[in-house]
Amino acid sequence: MEIKIFGVIGAGQMGNGIAQVAAISGFNVIMNDISMEFLSKGMKTIERLLIKGVEKGKISPDEKEAVLGRIRTTTDITEMKSADFIVEAATENEPIKFQLFKDLDGICAPHVILSSNTSSIPIGRIAAKTRRPDKVIGMHFMNPVPVMKLVEVIPAITTSESTLRITWDLAVKFGKTPAKADDYPGFIANRILMPMINEAIYCLYHGVGTRDDIDTVMKLGMNHPMGPLALADLIGLDTCLAIMETLYKGFNDSKYRPCPLLRKYVEAGWLGRKSNRGFYSY
Ligand code: CAA
């Protein structure tokens, strides 16, 4: 199956990163979101990063224009009918994702693979909302998408071998290294990462250390490129909370309970970098 047009649902930090990587890899991309405002914000981010690439001599000005020219934006989800492969990168919210997959199942041709960039929602549950559960799979990119080499590939119990192979090969074509995870809440990446971040927030909540001391311990003591609280701000505190809730409910195990301080920040609208305030101010 030849993939010519790659469809991306969502123009947020994950969606625009995925669109950029796909366009750089030579695919024509249609990026969809619910408003033109979100789409133009996503396109501005892509353009800004490409301009940086030109300034650093990594790409030529002509290549930059060609990449931008390969990305089309639309608020009309029915335009996804021309896509050969979809990755959904909407907000980490079950009802929203379920509705999107139902809609995409009706819009896209029957052979099209519908993948989700969900960070923790079971893929089998998403697949069950469609009439093509063999063609639904998790394709989990890491943030910032243009920089991080990993794509976690998550077949559901219903996913076919050929869907897995096509998705795996696509990740390689994007210049990424795929790793396969079984379909349990949080998969591998967030099963390990999020409890660490949540525990760092508990350290702050219990007064074990200040924000800076907690991040310094992990940066200098464990060689992490950034501290867990700074990383939580990068990921988005609402996303961190949603993932902890999924782990907590999915395993029915109190070891995954989200820290009350994380919940408090999210309720206050302190979502990290995207709202200019989280554990740090931006
Ligand atoms: N988008 C694109 N490129 C970016 C970027 C962004 N948002 N942020 C940084 N970069 C690029 C820079 O342009 C720079 O490129 P060059 O090497 O070509 O100059 C390179 O990345 C390094 O950036 P900096 O020198 O500015 O800063 P740094 O060395 O501190 O790296 C970082 C920044 C890549 C974010 C690094 O701190 C890092 O790897 N942090 C950890 C990120 C991480 O853990 N991500 C996974 C999050 S979990 C997830 O995504 C899954 C989930 O479901 C929640």
task: In sequence, state the C-alpha distance, the side-chain angles, and the governing distance for Glu152 and Lys180, and then conclude on salt bridge (Lys or Arg N to Asp or Glu O under 4.0 Å).
output: CA-CA 6 Å; Glu152 207 176 14; Lys180 188 174 150 213; over 6 Å; no

query: Could you walk me through whether Tyr265 and Leu271 pass the side chain to side chain contact (heavy atoms under 4.5 Å, CB included) check?
result: CA-CA 7 Å; Tyr265 273 39; Leu271 307 181; over 6 Å; no

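Here Arg263 pairs with Glu245 in a salt bridge; the nearest charged N to carboxylate O distance falls below 4.0 Å. Salt-bridge check for Lys274 with Asp233: failed, with every basic side-chain N at 4.0 Å or more from each acidic carboxylate O.
Here the closest non-hydrogen pair linking Lys219 and Pro225 is CD-O, 4.0 Å. The minimum heavy-atom distance linking Asp183 with Pro122 is given by the pair OD1-CA, 3.4 Å. Annotation for Asn190 and Pro195: closest pair O-CD, 3.4 Å, computed over non-hydrogen atoms. When all heavy atoms of Ile201 and Cys259 are compared, the pair lying nearest together is CG2-SG, 3.7 Å. Scanning all heavy atoms of the two residues, the minimum distance from Leu237 to Trp270 falls at CD1-O, 3.3 Å. When all heavy atoms of Pro260 and Tyr205 are compared, the closest pair comes out as CG-OH, 3.5 Å.
Following chains of ILVMFWY side-chain contacts shorter than 4.5 Å, one can reach Ile243 starting from Phe279, so the two form part of one hydrophobic cluster. Linking ILVMFWY side-chain heavy atoms closer than 4.5 Å, directly or via other members, places Leu49 and Ile46 in two distinct hydrophobic clusters. In the hydrophobic clustering of ILVMFWY residues, with side-chain heavy atoms under 4.5 Å counting as a link, Leu241 and Met14 come out apart. Cluster annotation: Met194 and Met226 are assigned to the same hydrophobic cluster (Ile/Leu/Val/Met/Phe/Trp/Tyr, side-chain heavy-atom contacts under 4.5 Å, transitive). By the rule that hydrophobic residues join a cluster once side-chain heavy atoms approach within less than 4.5 Å of another member, Met80 and Val136 end up as members of one cluster.
Few gaps surround CD on Glu63; more than 12 heavy atoms of other groups in view lie less than 6.0 Å from it. Atom CZ of Phe38 has 12 or fewer neighbouring heavy atoms from other residues, nucleotides or ligands inside a 6.0 Å radius. Annotation: Ile157, atom CD1; neighbour count of heavy atoms from other residues, nucleotides and ligands within 6.0 Å does not exceed 12.
Lys176 contributes a side-chain N or O that, together with a main-chain N or O of Val145, makes up a donor-acceptor pair within less than 3.5 Å. Side-chain N or O atoms of Thr45 include one that pairs as donor or acceptor with a backbone N or O of Lys41 at under 3.5 Å. A donor-acceptor contact shorter than 3.5 Å links the side chain of Thr158 to the backbone of Pro133. Side chain of Ser281 to main chain of Arg277: no donor-acceptor pair is present (N/O by atom type, distance under 3.5 Å, no hydrogens or angles). Between the side chain of Asp215 and the main chain of Leu229, a donor-acceptor pair closer than 3.5 Å is present. With hydrogens and angles ignored, the 3.5 Å screen pairs no side-chain donor or acceptor of Thr163 with any backbone N or O of Thr159. Judged by distance alone, with hydrogens and angles left aside, the side-chain atoms of Asp84 form a donor-acceptor pair with the main-chain N or O of Ile5 at under 3.5 Å. In this structure, the side chain of Asn117 engages the main chain of Phe141 through a donor-acceptor pair within 3.5 Å.
No side-chain heavy atom of Ile86 sits under 4.5 Å from any side-chain heavy atom of Ser115. In this structure, Ser120 and Leu247 have side chains that are not in contact, with every pair of non-hydrogen atoms separated by 4.5 Å or more. Side-chain contact check for Ile214 versus Thr210: every heavy-atom pair is 4.5 Å or farther apart. Contact annotation: the side chain of Met142 never approaches that of Lys149 to less than 4.5 Å [non-hydrogen atoms, C-beta and beyond]. Considering only heavy atoms from C-beta on, Ile235 comes within 4.5 Å of Leu193 through its side chain. Using a 4.5 Å cut-off on side-chain heavy atoms (C-beta onward), Tyr256 and Met244 make contact. Between Phe187 and Thr118, the closest side-chain pair of non-hydrogen atoms falls below 4.5 Å. In this structure the side chain of Ile137 never reaches within 4.5 angstrom of the side chain of Ile166, judged on heavy atoms.
The salt bridge (charged side-chain N to carboxylate O under 4.0 Å, His left out) search around Lys97 returns Glu88, Glu92, not counting sequence neighbours. Every residue two or more places apart in sequence or in another chain that forms a salt bridge (charged side-chain N to carboxylate O under 4.0 Å, His left out) with Asp105 is listed here: Arg131, Arg132. Taking Arg257 as the reference, nothing meets the salt bridge (charged side-chain N to carboxylate O under 4.0 Å, His left out) condition, with sequence neighbours excluded. For Asn223, there are no side-chain contact (heavy atoms from CB on, under 4.5 Å) partners two or more places apart in sequence or in a different chain.
Inspection of the Asp76 and Thr78 side chains reveals an N or O donor paired with an N or O acceptor under 3.5 Å.
Pairs passing the ring pair (Phe, Tyr, Trp, His ring centres under 6.0 Å) check and including a residue from residues 96-131, sequence neighbours excluded, do not occur.
Distance CE/Met43 to CG/Leu39: 9.0 Å, rounded to 0.5 Å. Separation of atoms CD (Glu267) and CG (Leu262) is listed at 10.0 Å; rounding is to 0.5 Å. Note that the CG atom of Asp169 and the CG atom of Leu164 stand 9.0 Å from one another [nearest 0.5 Å]. Asp103 contributes atom CG, which lies 10.0 Å from atom SG of Cys108 (distance to the nearest 0.5 angstrom). Gln99 contributes atom CD, which lies 10.0 Å from atom CD1 of Ile96 (distance to the nearest 0.5 angstrom). Once rounded to the nearest 0.5 Å, the distance linking CD of Glu94 with OG1 of Thr91 reads 12.0 Å.
The side-chain contact (heavy atoms from CB on, under 4.5 Å) with Asn143 is formed by just one residue from the set Leu231, Leu234, Thr239; it is Leu234. Among the candidates Ile188, Ile123, Ile154, Val87, the single residue satisfying the side-chain contact (heavy atoms from CB on, under 4.5 Å) test with His140 is Ile154.
For the pair Arg191 and Tyr184, the NZ or CZ position fails the cation-pi test of under 6.0 Å to the six-membered ring centre and within 45 degrees of the ring normal.
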Going by atom type alone, with no hydrogens or angles, which donor-acceptor pairs under 3.5 Å involve a side-chain atom of residues 15-33 and a protein atom two or more places apart or on another chain?
{"residue": "Asn16", "atom": "ND2", "partner": "Ala11", "partner atom": "O", "Å": "3.3"}
{"residue": "Asn16", "atom": "ND2", "partner": "Gly12", "partner atom": "O", "Å": "2.9"}
{"residue": "Ser25", "atom": "OG", "partner": "Val21", "partner atom": "O", "Å": "2.7"}
{"residue": "Asn32", "atom": "ND2", "partner": "Thr74", "partner atom": "O", "Å": "3.2"}
{"residue": "Asp33", "atom": "OD2", "partner": "Ala11", "partner atom": "N", "Å": "2.8"}

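Ring geometry, Tyr282 versus Tyr280: the interplanar angle falls from 30° to 60°, so the pair is classed tilted.
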